[in-house]
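Both ligands and their constituent atoms are indexed starting at 1 by order of listing. In this text the structure is predicted, and so the values were computed from the model without any measurement.
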Amino acid sequence: MKTYLVTGAAGFIGANYLKYLLGKYDDIRVVVLDALTYAGNLGTIAKDIDNERCHFFKGNIGDSELLDRLFGEYKFDYIVNFAAESHVDRSIEDPQLFLMTNILGTQNLLNAARRAWVTGKDEAGYPMWRKGVRFHQVSTDEVYGSLGEDGFFTEATPLCPHSPYSASKASADMIVMAYFDTYKMPATITRCSNNYGPYHFPEKLIPLIIKNILEGKKLPVYGDGSNVRDWLYVEDHCKAIDLVVTKGINGEVYNVGGHNEKTNLEIVKTIIAHIHQSMIEHPEYRSLLKTKEKDADGLPAIDWINDGLINFVKDRLGHDQRYAIDPTKITETLGWEPETRFEEGIVTTIDWYLKHQDWVNQVTSGDYQSYYDKMYLKR
Ligand code: NAD
Ligand code: DAU
C-alpha cells in the first residue's frame, strides 16, 4: 500500500486530484496537508476525508515541526506538492507571500522528505534513498514566460518567468532540480497549462466570468482580450500527474497541455453562449440570473451581455501574451493524452457551477468582496 502526502488538496487542482486518486485506487492512504488560505476550502473535500484512507491536517508546508511529525507518523512513499499561492494578480499586489510559500515552503518540504527518506550515504557521499519514494512538484507553464504568435513551450525551453508568481514557481522548480542533482533526490516536475473545471476559485477568469454573468456584473477583460491561454480540463491534468508520480523518471520534467489555445475574449464569449444555451435547456437555472436584463422567457438578454457587460479594462502589469504547451514528451513516454475536448469540458464546467451555487457562495463568503472591489472597482 502506498501512502501519499498531498499538499494543497483543499484548493482547485489538489481537490480534483485527491478525488481522482481515491476513486482510482483502493489500496492507498492519503494524508492531506493544507493551510486553508482563502483559496482552500475544507468543504470541497469533506466527504473524501474518512480518517481511514484519507486524513486531513491543517498546516503550513513551511512548518518543519509539523512536517517531521507527519513524516514520523505516516511512512510517506509519495509527496505531491500542490500547495502554493497561485493567482498572478495577487502576486503583483503582494509578491513576498508568494516567495515564502512557493519557494521556501517547497524547500522546507524537500528538507523534511530528505530527513525522512535518506537511509545512508554511498561511497561518493551521495545520500541513499528509501526505495520507491518520490517527490513530485506541480509546476506551471508560466515558468517559460511568454510566446509570440508561433511556437510551443517544450521541456527544453529556457525558464523566463515574468510575474512574481511565475518567478516563484520557476525558483521552486530549480530548487527541486538542485535537490535531484546534488542529493540524487527522487523527484519529478510537471508543468501544466491553464486548468478549468469544478472547484475553480472565482478569482480566476472562467469561474469569475460565470459568477459575474449570473450577477449581471461587468465582465472584466484585461487589455484587448487577445492574450492566449492553452486550456486543459482539470481531470486530464490529474491523470498526467498520476502517471508521472507512478511511472515517471526521476529528474525529468514533463509538460502537460492539450493544444487548446483560446484568446480570453473567445473564452468569455463561449461562456456567455453556453450559459444562454443552458438556460434554454434547463428553465430551472433561470432563477439564478440576478440581472433584470432578461427577455420575455426569463433568459439572459444575450446581446445585452455581449454588448453591455463585456468590459475591456486596464491590462495586467507584465501580462504574458501567449502560452502554448508541446506535450509530446509525456505522450510518447507515458502515453498521456488529453481526454476531454474543450467543447465538452466547458459545458460540464458551466453546468457544475450552475448546480453548485452553494459552493460558490461558501468560498466567496470571506474576504472575496473586498478583494474584488480592490482589484476591479477602479480598474
Ligand atoms: P489554489 O490556489 O486553488 O489552491 C492552493 C491550495 O494550497 C489551497 O488549498 C491553499 O489553502 C493551499 N496552500 C496555500 N499556501 C499553503 C501553505 N503555505 N501550506 C499549505 N497549503 C497551502 O491553486 P490551484 O489552482 O489548485 O493550483 C495548485 C498548484 O498547481 C499550484 O502549485 C499551481 O502553481 C499549479 N498550477 C495551477 C494551474 C492552474 O491553471 N490553476 C496550472 C498549472 C499549475
Ligand atoms: O498557465 C498556468 C497558470 O494559469 C497557473 O500557473 C496559475 O496558477 C493560474 O492562475 C493560471 O494563470 P493565468 O494568469 O493564466 O489565469 P487567470 O485565470 O488569472 O487569467 C487567465 C487570462 O485571463 C489571463 O490572460 C488574464 C485574463 N483575465 C483574468 C482575470 C482574472 C482577464 O482578462 N480578466 C480577469 O478578470
Side-chain angles (χ1 to χ4, degrees), residues 6-17 32-42 44-45 57-63 66-67 80-92 97-98 100-102 104-106 108-109 137-144 146 153 161 163 165-166 168-169 172-173 190-197 199-209 212 218-232 234 237 241 256-257 262-265 267-268 310-316 319-325 363 372 375-376 379:
V6 182
T7 70
F12 166 44
I13 309 175
N16 278 283
Y17 174 74
V32 171
L33 174 65
D34 197 299
L36 298 182
T37 68
Y38 78 93
N41 175 38
L42 196 49
T44 304
I45 54 169
F57 292 87
K58 180 176 177 198
N60 197 309
I61 55 170
D63 181 344
L66 170 63
L67 291 179
V80 187
N81 184 27
F82 291 93
E85 288 295 332
S86 69
H87 192 34
V88 174
D89 292 333
R90 288 187 193 252
S91 83
I92 295 167
L97 177 61
F98 284 69
M100 300 290 290
T101 297
N102 299 358
L104 293 178
T106 300
N108 199 49
L109 200 53
Q137 174 70 358
V138 182
S139 185
T140 166
D141 61 356
E142 296 201 15
V143 298
Y144 296 121
S146 182
F153 297 133
S163 71
Y165 162 70
S166 54
S168 70
K169 292 296 290 186
D173 284 12
T190 41
R191 294 186 180 138
C192 188
S193 58
N194 286 62
N195 286 211
Y196 68 99
Y199 306 111
H200 205 179
F201 191 76
E203 65 186 348
K204 309 282 167 56
L205 181 69
I206 289 180
L208 184 139
I209 294 296
N212 281 17
K218 298 262 184 202
L219 311 179
V221 176
Y222 297 168
D224 62 3
S226 68
N227 301 69
V228 171
R229 296 294 183 264
D230 183 357
W231 294 95
L232 182 73
V234 62
H237 184 191
I241 294 171
V256 184
K262 305 275 178 213
T263 66
N264 293 336
L265 195 54
I267 291 288
V268 171
I310 291 182
N311 187 24
F312 294 97
V313 297
K314 206 189 282 168
D315 209 350
R316 175 183 276 175
H319 197 175
D320 286 337
Q321 180 57 34
R322 175 173 166 255
Y323 303 147
I325 279 280
V363 300
Y372 191 88
M375 299 304 256
Y376 292 98
R379 194 154 195 147

>> Closer than 4.0 Å to some heavy atom of Thr140 - which atoms of ligand 2 meet that?
In response: 1 (O), 2 (C), 3 (C), 5 (C), 6 (O)
> Using a distance-only test with no angle check, is there a side-chain donor-acceptor pair under 3.5 angstrom linking Asp141 and Ser193?
Replying inline: no
> What distance separates Asn102 CG from Met100 CE, expressed to the nearest 0.5 Å?
Replying inline: 11.0 Å
>> Just to confirm my output: which protein heavy-atom neighbour is closest to atom 34 (N) of ligand 2, and how far is it?
In response: Pro220 O, 2.8 Å
> For atom 4 (O) of ligand 2, what is the nearest protein heavy atom, given as residue, atom name and distance?
Replying inline: Asn194 ND2, 3.1 Å
> Do Ile241 and Val80 have side-chain heavy atoms sitting under 4.5 Å apart?
Replying inline: yes
> Tell me, which protein residue and heavy-atom name are nearest atom 3 (C) of ligand 2, and how many Å apart are they?
Replying inline: Glu142 OE2, 3.0 Å
> Taking both backbone and side-chain atoms of Tyr165, is any N or O found less than 3.5 Å from an N or O belonging to ligand 2?
Replying inline: yes
> Does Arg322 have any salt bridge (charged side-chain N to carboxylate O under 4.0 Å, His left out) partners at least two apart in sequence or in another chain, and if so, which?
Replying inline: Glu261
> Taking the six-membered ring where the residue is Trp, are the ring centres of Tyr38 and Phe201 under 6.0 Å apart?
Replying inline: yes
> When you look at Glu85 and Ser168, which way does the side-chain contact (heavy atoms from CB on, under 4.5 Å) test go after all the steps?
Replying inline: CA-CA 9 Å; Glu85 288 295 332; Ser168 70; over 6 Å; no
> Hey, which atoms in ligand 2 end up nearer than 4.0 Å to a heavy atom of Lys204?
Replying inline: 10 (O), 18 (O)
> Atoms of ligand 2 less than 4.0 Å from Val221 heavy atoms?
Replying inline: 33 (O)
> If you measure from atom 33 (O) of ligand 2 to every heavy atom of Phe312, Trp231, Tyr222, which option wins on shortest distance?
Replying inline: Tyr222
>> So, using salt bridge (charged side-chain N to carboxylate O under 4.0 Å, His left out) as the criterion, who are the partners of Arg316 when residues are at least two apart?
In response: Asp89
> In the protein, which heavy atom is nearest to atom 1 (O) of ligand 2, and how far is it?
Replying inline: Asp141 OD1, 2.5 Å
> For Thr106, which of Thr101, Asp173, Asn81, Thr7 qualifies under side chain to side chain contact (heavy atoms under 4.5 Å, CB included)?
Replying inline: Asn81
> Within less than 4.0 angstrom of ligand 2, does Glu203 place any heavy atom?
Replying inline: yes
> How about Val363 and Pro202: do any of their side-chain heavy atoms sit closer than 4.5 Å?
Replying inline: yes
>> Considering non-hydrogen atoms of the protein only, which is the closest contact for atom 19 (O) of ligand 2, and what is the distance?
In response: Arg316 NH2, 2.9 Å
>> Assess the residue pair Arg191 and Lys169 against the criterion (side-chain contact (heavy atoms from CB on, under 4.5 Å)); give the C-alpha distance rounded to whole Å, side-chain angles, the decisive distance to 0.1 Å, and a yes or no.
In response: CA-CA 10 Å; Arg191 294 186 180 138; Lys169 292 296 290 186; over 6 Å; no
> By number and element, which atoms of ligand 2 are closer than 4.0 Å to a non-hydrogen atom of His87?
Replying inline: 19 (O)
> Which residue supplies the protein heavy atom nearest to atom 27 (C) of ligand 2, what is that atom called, and how far is it?
Replying inline: Asn264 ND2, 3.3 Å
> Contact residues of ligand 1 with a heavy-atom cut-off of under 4.0 Å?
Replying inline: Gly8, Ala10, Gly11, Phe12, Ile13, Asp34, Ala35, Leu36, Thr37, Ala39, Gly40, Gly59, Asn60, Ile61, Phe82, Ala83, Ala84, Ser86, Thr101, Val138, Ser139, Thr140, Tyr165, Lys169, Cys192, Ser193, Asn194, Asn195
>> Pairs of nitrogen or oxygen atoms closer than 3.5 Å, one from Val88 and one from ligand 2: do any exist?
In response: no
> Between the candidates Met375, Arg379, Arg229, which shows the shortest non-hydrogen contact distance to atom 15 (O) of ligand 2?
Replying inline: Arg229
> For Lys204 and Ser86, does a side-chain donor sit closer than 3.5 Å to a side-chain acceptor?
Replying inline: yes
>> Give me the nearest non-hydrogen protein atom to atom 36 (O) of ligand 2 as residue plus atom name, then the distance to 0.1 Å.
In response: Tyr376 OH, 2.7 Å
>> Using a plain distance cutoff, I'd like to know if Ser193 has any nitrogen or oxygen under 3.5 Å from a nitrogen or oxygen of ligand 2.
In response: no
> Does His319 come within less than 4.0 angstrom of ligand 2, counting non-hydrogen atoms of the residue?
Replying inline: yes
> Which bit of Leu205 gets closer than 4.0 Å to ligand 2, counting heavy atoms only: side chain, backbone, both or neither?
Replying inline: both
> So which heavy atom in the protein is nearest atom 8 (O) of ligand 2, and how far is it from that ligand atom?
Replying inline: Ser86 O, 2.8 Å
> When Pro220 is tested against each of Leu208, Asn311, Leu205, Ile310 for side chain to side chain contact (heavy atoms under 4.5 Å, CB included), which residue passes?
Replying inline: Leu208
>> A side-chain contact here means heavy atoms from C-beta on lying under 4.5 Å apart; do Phe312 and Leu265 qualify?
In response: yes
>> So Asn264 and Arg229, do their side chains get closer than 4.5 Å, heavy atoms only?
In response: yes
> Is there side-chain contact between Ile61 and Asn108, with at least one heavy-atom pair below 4.5 Å?
Replying inline: no
>> Run the salt bridge (charged side-chain N to carboxylate O under 4.0 Å, His left out) test against Asp320 and tell me which residues pass, sequence neighbours left out.
In response: none
